[in-house]
Amino acid sequence: MIQKGTTPEELNRRKQAVLPAWISTNYERPIELVDGEGFRVRDSEGNEYLDLFGGIVTTISGHNVPEIVEAVQRQAGRIMHSSTLYLIESQVRLAEKLVELSPIRGDQKVFFVGSGSEANEAALLFATHYRRSSEIIALRGSYHGGSFGTMGITGQASWRATPRSALDVSYAMNPHPSYSPLLEGMSPERRAEACAKDLRNLIETSTAGHIAAFIAEPIQGVGGFIEHPEGYLRRVKEVLDEQGILFISDEVQTAFGRTGSAFWGVENHGVEPDMITMAKGLGNGLAIGAVMGRSEVVDSISPKLHISTFGGNHISSAGALANLEFILKNDLQKNADEVGGYLKGRLEALKEKYEAVGEVRGRGLMLAIELVGPDGSPDPAAAMRFMEACRERGVLVGKGGLRSNAIRISPPLTLTREAAGEAADVFEDALAALGAEVRR
């Protein structure tokens, strides 16, 4: 007989008995979130929190949004599943809306899947088949998913469970000093130029010379919300265009207005990709992902007859469509820009005050605080203590970065200025509780 755990400790004990040991949870004493509204959530013990991580950069419109809930309930009351062997109106409407919003010019197609990992897998399939090449270039510090193929192109050892890859992968120099120490002391402009030149050299020296695609996140998510310097992707695109190499923009975390200054993260860099992958914010928690790209690339695979059992199913596409309409109707991109700008200013003030804050980065409501030790080196232990201190004070955040010392802040885009100020106060209190030294 299955018994309901009455405490988080009991539920965690049961989890450890039946789920893989490598499925981690935050906090020394894991919590179960059972209820939420907007940007606030509650755990099974009745504690309320400001949700500033959004289910790993996913709950973009907020919790318990009536329009999205009603769309899912309405669809569930009719039919929940049929597969792509049958027409699905909400799937077609969602694809039409995405193409309408796309920064890619010309004819496009959208292929729906169940997650961001699957979206990147599909994009790699399309690119390698179209280009008749198995060679891929990714960035150091990148994260593209937890499937076998996407682990094989991820540029962080801690997120690669196997050294094997189904593809021939080369890793380009990342234009951020955290992942390319040789760049320390360079200006952002110089780093952008140097790394674009390194890409050309990488192609000439470390590949067979016929590359299928270059894949990059406009802001590296699991890498610690690292943003590329201005001009980098534009210079990269010039190199790619010289040889017909496809550019895949991994927008699993940056899409749908999260960066504030643009609807798609790649638009901040003024370049046009050949394909965009998306998930997370697309469904606001529903299991859905997609690849959107130039028709000739997406349509290139064979056999020509192909199906998807779960991709863009009735429930997920109906909910995602309602979610996308909610984002646009309420101009959440503008709110992300305004509230994110205010919050980043508060975080930068903390950097000026506390030595433990080594860097503040990101844009919109995709922000990070890098915590460092007295000598300026990454301090993952401080990041863990900071997270615990924030949770005790009613704020949930995430972490990332090569050395797990970056605090990741990615709340629902409905976050208000008042709530952002409340969170910033908690961050300062948490730093003080850690005994962080005040700059002299």
Side-chain angles (χ1 to χ4, degrees), residues 102-109 111 119-144 149-150 152-155 165-176 179-180 182-183 189-220 228-251 254 264-277 291-302:
S102 175
I104 304 171
R105 290 171 292 183
D107 293 338
Q108 297 166 63
K109 296 289 180 69
F111 177 66
N120 282 327
E121 288 272 4
L124 294 169
L125 171 64
F126 302 153
T128 53
H129 191 275
Y130 180 76
R131 290 277 292 164
R132 293 294 192 269
S133 167
S134 63
E135 291 198 275
I136 297 293
I137 296 178
L139 279 177
R140 298 177 189 177
S142 61
Y143 177 84
H144 298 292
T150 55
I153 62 165
T154 285
S165 174
L167 298 165
D168 300 297
V169 187
S170 298
Y171 292 97
M173 184 178 291
N174 188 312
H176 191 278
Y179 293 102
S180 302
L182 293 175
L183 303 177
E189 182 179 5
R190 183 72 184 91
R191 285 189 273 118
E193 181 182 3
C195 288
K197 287 182 178 179
D198 178 73
L199 175 64
R200 178 177 278 107
N201 180 259
L202 177 72
I203 295 170
E204 293 172 346
T205 62
S206 302
T207 75
H210 182 63
I211 313 300
F214 171 86
I215 184 170
E217 306 154 90
I219 296 178
Q220 291 188 320
H228 307 305
E230 184 178 352
Y232 170 67
L233 286 181
R234 190 166 59 251
R235 288 185 170 94
V236 163
K237 189 65 164 57
E238 292 172 359
V239 175
L240 302 181
D241 288 347
E242 289 172 7
Q243 303 190 36
I245 300 170
L246 302 178
F247 174 33
I248 303 170
S249 183
D250 180 345
E251 302 258 359
T254 53
W264 305 97
V266 72
E267 291 179 296
N268 292 307
H269 299 275
V271 298
E272 181 184 344
D274 296 285
M275 287 185 280
I276 291 176
T277 59
V291 183
M292 176 170 63
R294 294 195 286 117
S295 296
E296 64 267 30
V297 177
V298 177
D299 277 339
S300 68
I301 66 166
S302 61

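Not measured: the values here are computed from a predicted model.
When side chains are defined from C-beta on, V239 does not count as touching I245, because their heavy atoms never get closer than 4.5 Å. In this structure, the side chains of Y130 and E296 come closer than 4.5 Å at one or more pairs of heavy atoms. Annotation: side chain of I276 is in contact with side chain of P103 (closest heavy-atom distance under 4.5 Å). I136 is not listed as a side-chain neighbour of S165, based on a closest heavy-atom distance of 4.5 Å or more. Using a 4.5 Å heavy-atom cutoff, the side chains of I104 and R294 are in contact.
Atom CD1 in I248 sits 5.0 Å away from atom CG in L124 (nearest 0.5 Å). Note that the OG atom of S206 and the CG atom of D198 stand 8.5 Å from one another [nearest 0.5 Å]. Annotation: the span from K109 atom NZ to D299 atom CG amounts to 3.5 Å, rounded to 0.5 Å. Separating the OH atom in Y171 from the CG atom in L202 is a distance of 11.5 Å, to the nearest 0.5 Å. Rounded to the nearest 0.5 angstrom, S134 OG and H129 NE2 are separated by 13.0 Å. Note: D250 CG to S142 OG = 8.5 Å, rounded to the nearest 0.5 Å.
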Practice problem: Kindly indicate, with the supporting measurements, whether the criterion side-chain contact (heavy atoms from CB on, under 4.5 Å) is fulfilled by K237 and H269. | Solution: CA-CA 10 Å; K237 189 65 164 57; H269 299 275; over 6 Å; no

Exercise. Report the C-alpha separation of F126 and L246 in whole Å, then their side-chain angles, then the decisive distance to 0.1 Å, and conclude whether the side-chain contact (heavy atoms from CB on, under 4.5 Å) test is met.
Key: CA-CA 10 Å; F126 302 153; L246 302 178; over 6 Å; no

Quiz item: After noting the C-alpha distance and the side-chain angles of E193 and K197, does the key distance pass the salt bridge (charged side-chain N to carboxylate O under 4.0 Å, His left out) rule?
Solution: CA-CA 6 Å; E193 181 182 3; K197 287 182 178 179; 3.4 Å; yes

Quiz item: Hey, mind stepping through T277 and I215 against side-chain contact (heavy atoms from CB on, under 4.5 Å) and telling me if it holds?
Solution: CA-CA 10 Å; T277 59; I215 184 170; 5.6 Å; no

Practice problem: List the steps and the verdict of side-chain contact (heavy atoms from CB on, under 4.5 Å) for C195 and L183. | Solution: CA-CA 9 Å; C195 288; L183 303 177; 3.6 Å; yes

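Of all non-hydrogen atoms in R131 and H210, the two that sit nearest each other are O-NE2, 2.7 Å. Closest approach of A196 and Y232 over heavy atoms only: N-CE1, 4.1 Å. Shown here for G293 and M275, the closest heavy-atom pair between the two residues is CA-CG, 3.8 Å. The nearest pair of heavy atoms linking R191 to P175 is NH1-O, 2.5 Å.
Although no hydrogens or angles enter the test, the distance criterion places a donor-acceptor pair under 3.5 Å between the side chain of E121 and the main chain of G149. E135 contributes no side-chain N or O that, together with a main-chain N or O of T207, makes up a donor-acceptor pair within less than 3.5 Å. A donor-acceptor contact shorter than 3.5 Å links the side chain of N120 to the backbone of H144. Proximity of a side-chain donor or acceptor of T254 to a complementary backbone N or O of P218 within less than 3.5 Å is not detected. No donor-acceptor distance shorter than 3.5 angstrom exists from the side chain of E251 to the backbone of W264, with no hydrogens or angles considered. Side chain of Q108 to backbone of S102: no donor-acceptor contact under 3.5 angstrom is found.
Heavy atoms from other residues, nucleotides or ligands lying under 6.0 Å from CD of E189 number 12 at most.
The side-chain hydrogen bond (donor to acceptor under 3.5 Å, both in side chains) test with N174 singles out one residue from Q220, R140, H228, and that residue is Q220. Tested against V236 for a side chain to side chain contact (heavy atoms under 4.5 Å, CB included), the candidates L199, L139, D241 yield a single pass: L199.
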